[in-house]
Amino acid sequence: MRTVTYGAACSLDGFIAGRDGSLDWLHFSKDVHQIIGSFWKTIDTVVMGRATWEGTPQGDETTGQPPGDDATTGIETYVFSRTLTKVTGRGVRLVREDAGEFVRRLRERPGKGICVMGGGVLARSLFDAGLIDEVGLNIHPVLLGGGVPMFLPSPARVGLELAESRVIDGGCVIANYRVRLLAGA
């Protein structure tokens with residue numbers, strides 16, 4: 001079965017964007033490009049919600065890869081939305097059905113890993129459906145005080161097991177966890 005990973009760069013207080021959607025606090029370095037490049041080799045599918053799709057620059061910035069890199073070649077992207085009527089782009093498809101059921105079917109198909117990109121609404125629904133296998137964080141040394149949260153409130157507790165942690169350039173901490181227990185699920 002394929003692995004579903006939810007991850008993002010976040011502030012120490014758990015936000016993936018500032019109150020105004022700003023990302024000017026993100027620190028990109030050779031470390032970050034190497035980590036992202038290695039991760040993208042392990043996946044062939046990206047799922048994201050409408051807000052992430054609309055807020056994500058299309059092209060190389062989406063992957064964090066240097067311009068001209070073909071890291072996204074062959075990667076299918078699914079955008080979940082009840083309001084959008086179409087999306088455009090190579091390998092991009094609009095999904096208007098229940099995210100949990102759709103990702104459950106994706107997970108059962110042969111292939112590489114599945115990346116859940118972006119914010120909390122889609123991720124929360126996939127956590128609630130018991131479909132997130134890993135959580136990967138690039139924790140930045142900044143307190144934003146508010147903004148777009150990495151995690152939304154949930155009635156269920158999710159147990160995690162640390163798989164890796166290390167400090168990278170800029171004082172950022174990479175922390176990767178495996179989901180161990182979905183209490184109440």
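These numbers come from a predicted model, not from an experiment.
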Quiz prompt | Sidechain-backbone polar pair: Y6 side chain, M150 backbone, donor-acceptor under 3.5 Å | solution = yes
Quiz item: Do R124 and S154 meet the criterion of a side-chain donor-acceptor pair at a distance under 3.5 Å?
Solution: yes
Quiz prompt | Verdict with reasoning, K112 to E76, per salt bridge (Lys or Arg N to Asp or Glu O under 4.0 Å) | solution = CA-CA 11 Å; K112 294 181 179 181; E76 293 182 334; over 6 Å; no
Self-check item: Ionic contact status for R178 with E134, cut-off 4.0 Å
Solution: no
Quiz item: Is the shortest distance from a Lys or Arg side-chain nitrogen in D133 or R2 to a carboxylate oxygen in the other one below 4.0 Å?
Solution: no
Practice problem: Specify the closest pair of heavy atoms between L131 and V4, including all atoms of both residues, with the distance to one decimal. | Solution: O-CB, 3.1 Å
Quiz item: Which pair of heavy atoms, one from F15 and one from W25, lies closest together, and at what distance?
Solution: O-CH2, 3.6 Å
[X] side chain near [Y] side chain, heavy-atom distance below 4.5 Å:
X: T5; Y: F39; result: yes
X: D169; Y: F28; result: no
X: M48; Y: V116; result: no

Quiz prompt | Other residues, nucleotides, ligands: >12 heavy atoms within 6.0 Å of R105 CZ | solution = yes
Self-check item: Sole candidate of R166, E161, E164 that passes side chain to side chain donor-acceptor pair (under 3.5 Å) when paired with N176
Solution: E164
Self-check item: Where at least one partner belongs to residues 14-32, residue pairs that pass salt bridge (charged side-chain N to carboxylate O under 4.0 Å, His left out), sequence neighbours excluded
Solution: none
Practice problem: Take E54 and R50, measure what salt bridge (Lys or Arg N to Asp or Glu O under 4.0 Å) needs, and give me the verdict at the end. | Solution: CA-CA 6 Å; E54 290 178 339; R50 178 203 48 82; 2.6 Å; yes
Quiz item: In a check of side-chain contact (heavy atoms from CB on, under 4.5 Å) between L12 and each of V142, I139, L144, which one passes?
Solution: I139
